[in-house]
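Take a look at the structure set out below.
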Amino acid sequence: PGTPDCAHCPLSCFCDAYKTGDAAELPILSKTKPPREIPWSVLLIHSGDRVLMRLRTENLLHGLWCFPMLEGHLSMEEIRTQAENKWHLTLCSLSRAGHARHVFTHQVWNMCLYQADAEAFASAPDGYSFVPISHLKELPLPTAMNAAVSLLTLPA
């Protein structure tokens with residue numbers, strides 16, 4: 001590895017690169033593909049002093065807690081419809097809360113952040129939990145969720 005030292009190499013008499021004089025340009029590496037951009041709508045759904053979260057089971061961020069995510073940058077109406085159909089939650093006071101970007105080695109998450117309220121004592125859908133906001137500091141959260149967490153008022 002590094003700069004070849006052809007003059008001291010015991011194999012130089014057998015080396016095609018040495019004979020043609022292009023050893024310094026080898027190996028020719030293929031260009032890496034740029035990371036894939038993925039748009040997400042990330043939802044901070046409140047129920048009283050709790051927020052809806054899910055423990056991820058996918059390979060990426062496995063075992064970390066995330067807020068509900070819907071693929072794509074969706075309109076408010078699409079978000080309301082998806083929340084009703086997918087999680088059986090009626091969202092009140094849905095509002096756009098910001099934007100965040102997180103770069104992984106092979107993908108980039110472009111996240112539109114939204115806040116909404118569910119009923120005060122709403123039941124969490126299957127695979128999700130309403131977590132008290134005061135307990136967020138105790139959960140393993142991915143860095144990708146930092147911008148969303150910063151929107152929540154965490155107790156000191």
Side-chain angles (χ1 to χ4, degrees), residues 1-4 17 22-156:
T3 306
D22 61 356
E25 285 85 44
L26 299 175
I28 298 172
L29 302 175
S30 62
K31 294 194 185 236
T32 58
K33 290 192 289 187
R36 184 170 60 111
E37 301 264 341
I38 303 174
W40 289 103
S41 295
V42 178
L43 309 175
L44 286 90
I45 301 173
H46 301 266
S47 175
D49 64 346
R50 306 172 304 155
V51 65
L52 189 63
M53 299 196 78
R54 179 175 80 88
L55 184 62
R56 285 183 62 95
T57 57
E58 299 89 337
N59 286 337
L60 182 63
L61 306 180
H62 181 86
L64 299 178
W65 288 84
C66 289
F67 300 103
M69 299 169 59
L70 298 169
E71 192 162 353
H73 290 159
L74 305 178
S75 69
M76 301 262 203
E77 192 55 41
E78 290 171 316
I79 290 171
R80 286 182 197 280
T81 302
Q82 290 260 4
E84 181 71 38
N85 294 340
K86 187 173 183 175
W87 302 311
H88 308 291
L89 289 172
T90 302
L91 301 182
C92 309
S93 67
L94 177 64
S95 64
R96 183 129 185 210
H99 185 268
R101 187 171 193 267
H102 187 78
V103 179
F104 296 95
T105 55
H106 59 292
Q107 59 185 257
V108 176
W109 286 5
N110 286 311
M111 300 173 282
C112 287
L113 308 174
Y114 295 88
Q115 291 205 55
D117 290 313
E119 304 82 35
F121 297 101
S123 296
D126 287 343
Y128 289 82
S129 298
F130 273 108
V131 175
I133 293 173
S134 61
H135 289 48
L136 283 181
K137 291 179 182 176
E138 301 164 20
L139 297 178
L141 303 171
T143 305
M145 293 291 118
N146 281 353
V149 170
S150 71
L151 296 172
L152 300 171
T153 305
L154 299 176

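All values below were derived from every heavy atom in this structure, side-chain atoms included, with hydrogens, water molecules and symmetry-related copies excluded.
With sequence neighbours excluded, the residues that form a side chain to side chain contact (heavy atoms under 4.5 Å, CB included) with Ala144 are His102, Phe104, Trp109.
When atom types are taken as modelled, the side chain of His62 and the backbone of Thr57 share a donor-acceptor pair closer than 3.5 angstrom. The backbone N or O of Glu84 sits nowhere less than 3.5 Å from a side-chain atom of Arg80 that would complete a donor-acceptor pair. For the pair Arg96 (side chain) and Gln115 (backbone), a donor-acceptor distance under 3.5 Å is absent. Side chain of Ser41 to main chain of Cys112: no donor-acceptor pair is present (N/O by atom type, distance under 3.5 Å, no hydrogens or angles).
Side-chain contact between Arg56 and Cys66 is present, with at least one heavy-atom pair separated by less than 4.5 Å. In this structure, the side chains of Glu71 and Trp40 come closer than 4.5 Å at one or more pairs of heavy atoms. Residues Glu78 and His73 form no side-chain contact, since every pair of their non-hydrogen atoms from C-beta on lies 4.5 Å or further apart. Residues Leu94 and Ile79 have side chains in contact (heavy-atom distance under 4.5 Å, counting atoms from C-beta outward). In this structure, Met69 and Met145 have side chains that are in contact, with non-hydrogen atoms separated by less than 4.5 Å. With a 4.5 Å cut-off on side-chain heavy atoms, Phe67 and Leu141 do not count as touching. Proximity of Leu52 to Pro125: side-chain heavy atoms (C-beta onward) are separated by under 4.5 Å at one or more points. The side-chain heavy atoms of Arg36 and Gln107, taken from C-beta on, include a pair separated by under 4.5 Å.
Taking all atoms of both residues into account, the shortest heavy-atom contact from Ser129 to Ala124 is CA-CB, 3.8 Å. Contact record, His46 with Leu152: CE1-CD2, 3.3 Å, taken as the closest heavy-atom pair. Contact between Ala100 and Ala147 at its shortest, heavy atoms only, is CB-CB, 3.4 Å. Shortest non-hydrogen contact noted between Pro140 and Gly63 is CG-O, 3.8 Å.
In this structure, CH2 on Trp87 lies 16.0 Å from OG on Ser123, to the nearest 0.5 angstrom. The distance from atom CG of Leu139 to atom CG of Leu64, rounded to the nearest 0.5 Å, is 10.0 Å. Between Ile133 atom CD1 and Met53 atom CE the span is 10.5 Å, to the nearest 0.5 Å. Between Ser47 atom OG and Phe121 atom CZ the span is 7.5 Å, to the nearest 0.5 Å. A distance of 9.5 Å separates NE2 of His135 from CG of Asp49, quoted to the nearest 0.5 Å.
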Margin query: Set out, in order, the CA-CA distance, both residues' side-chain angles and the distance that settles side chain to side chain contact (heavy atoms under 4.5 Å, CB included) for Ile45 and Asp117, then state yes or no.
Written below: CA-CA 5 Å; Ile45 301 173; Asp117 290 313; over 6 Å; no

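More than 12 heavy-atom neighbours from other residues, nucleotides or ligands sit within 6.0 angstrom of CG on Asn85.
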